[in-house]
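A short worksheet on the structure shown next.
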There are 2 protein chains.
Amino acid sequence: MNIITTEQKIIMAANKLFIRKGYTATGTRDIADEANINLALINYYFDSKENLFKEVVQKELKTLLNTVKSILSDENITSEDKIISITENYTNLLLEKEHLLIVILNELSVNKKLFANITQSTYRIRKPMIKKQFEDNNSGISDTDLVINMMSLIVFPFIAKSLIISSGLINENEFEEYVIRRKEKILKWIISITK
Amino acid sequence: MNIITTEQKIIMAANKLFIRKGYTATGTRDIADEANINLALINYYFDSKENLFKEVVQKELKTLLNTVKSILSDENITSEDKIISITENYTNLLLEKEHLLIVILNELSVNKKLFANITQSTYRIRKPMIKKQFEDNNSGISDTDLVINMMSLIVFPFIAKSLIISSGLINENEFEEYVIRRKEKILKWIISITK
DNA sequence: GTCTATATTCCGATAGAC
DNA sequence: GTCTATCGGAATATAGAC
């Protein structure tokens, strides 16, 4: 049996719309329509639109950060494979949910109070654990720089997609191919700045 | 004499609030209060909130893109100096206007119709013109990759500031120092991935 | 739990006096 | 050009019947 509860319907619809249009631009009526449920049920289950948004974002944010966290802290994976794995994970995720990161980051920077409870120690990356596995151990780069640079190179094209396209650097229909081909290049680039 | 017209007051207030909170979260009453003018004057001078937003963003976007464009296309600057100059410009700009890019990018991805007239050919970067000035001319990297990577490394920490801080990679009060020290590193990194 | 109907607030925009 | 007052609609949220 495959029963989807009303609560789940709301979460799924809210997730889709919040990620596509952001918090303020998404109305409770939009969510109710998308979920095919009665408007009043949103408040019945989640008390408020703000609370619903928190639940949605909290879950997505957890996934995003735990992906990096778990891969980085696994001592049985080589540094190269860590880079490959994270690149693969994020590229695929953002190809599916293009607006996910930009909406979350925007809401985080613009509406900080919404996230007072969300940004907790749960998400802390205690020790990046990546550089030390490289053969050339005493490279000039720090773990922090390494992680930030890797994430920059992976994530930026998605965040700036609209500008990249309108500036003529990449055509809209070539974008997907570009970020896919980019995956192997990123590994190469990261390795070269580490040496 | 230093007369600030009502029109200018509105533009300044709108710029500040739109960039800080985004389009939908900023109300016309907020703008009127911030500008210390009467609510009705916004429509008197700018017809609509949407039109006011367009004027504000169009100007900021032009600055952002023309900065890269003009530096890249100047044949009298070496590639290294181009990187230094763009890094310097963007880091300083984003230190002043932290939310500028994230708000524009979010609105671009979420509210595309607002930008139908804004993203024109004015912003096209016809030819990046950067790699060819490097000594090692036949490196594996394309001009497009080079520009995108440079912008990634410069801009990402600002866009993802909230996440970087809450993940514990950098402390909030160390952030400014970090991005300033990062400027020299970026040049080094870009050069190393180009060779 | 789910519905209809409505309360309440907020927003962008405008009419009309000065 | 600037003001007050208000329109018309959309938004979140809730009361109360079923």
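Not measured: the values here are computed from a predicted model. Here is the naming used below: chain letters follow the sequence lines, and residue numbers restart at 1 for every chain.
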Separation of B/I10 atom CD1 from C/dG12 atom C1', in whole Å?
-> 14 Å
Quick one: which protein N/O atoms are closer than 3.5 Å to N/O atoms of nucleotides 13-18 of chain C? Pair and distance per line, please.
from, atom 1, to, atom 2, distance (Å)
C/dA13, OP2, B/K49, N, 2.8

Protein-nucleotide distance (B/E7, atom CD; D/dT2, atom C1'), rounded to Å = 14 Å
Looking at side-chain heavy atoms only, is the closest gap between A/L169 and B/V147 below 4.5 Å?
-> yes
Between B/F53 and B/F46, is the ring centre distance below 6.0 Å?
-> no
Can you name the residues that form a side chain to side chain donor-acceptor pair (under 3.5 Å) with A/K185, not counting sequence neighbours?
-> B/D145
Kindly state each residue pair satisfying salt bridge (charged side-chain N to carboxylate O under 4.0 Å, His left out) with at least one member in residues 155-178 of chain B, sequence neighbours excluded.
-> B/E98-B/K161
Excluding sequence neighbours, so at least two apart, what forms ring-ring contact (aromatic ring centres under 6.0 Å, His included) with A/Y178?
-> none
In whole angstroms, how far is the P atom of C/dG12 from the NZ atom of B/K54?
-> 16 Å
Separation of C/dC3 P from A/I42 CD1 (nearest whole Å) | 12 Å
Does A/T6 have a side-chain nitrogen or oxygen under 4.0 Å from the phosphate oxygens OP1 or OP2 of C/dT2?
-> yes
Can you pull the salt bridge (charged side-chain N to carboxylate O under 4.0 Å, His left out) pairs that have at least one residue in residues 35-48 of chain A, sequence neighbours excluded?
-> none
Residues which pass side chain to side chain donor-acceptor pair (under 3.5 Å) with B/N149, listed by chain and number, not counting sequence neighbours = A/R182
Roughly how many Å is it from CD1 in A/I31 to P in D/dA11, rounded to a whole number?
-> 12 Å
In whole angstroms, the gap separating P of C/dG12 from CG of B/D33 amounts to 12 Å
In numerical order, the residues of residues 11-24 of chain B whose heavy atoms come under 4.0 Å of DNA chain D are none
Return the set of residues passing side chain to side chain donor-acceptor pair (under 3.5 Å) with A/K183 (not counting sequence neighbours), or none when no residue passes.
-> A/E88
Please table the atom pairs, donor to acceptor, closer than 3.5 Å between any side-chain atom in residues 8-15 of chain B and protein atoms at least two apart or in another chain.
from, atom 1, to, atom 2, distance (Å)
B/Q8, OE1, B/T5, N, 3.0
B/Q8, OE1, B/T5, OG1, 3.4
B/N15, ND2, B/E60, OE2, 2.8

Just checking B/T5: base, sugar-phosphate only, or nothing, at a heavy-atom cut-off of under 4.0 Å?
-> nothing
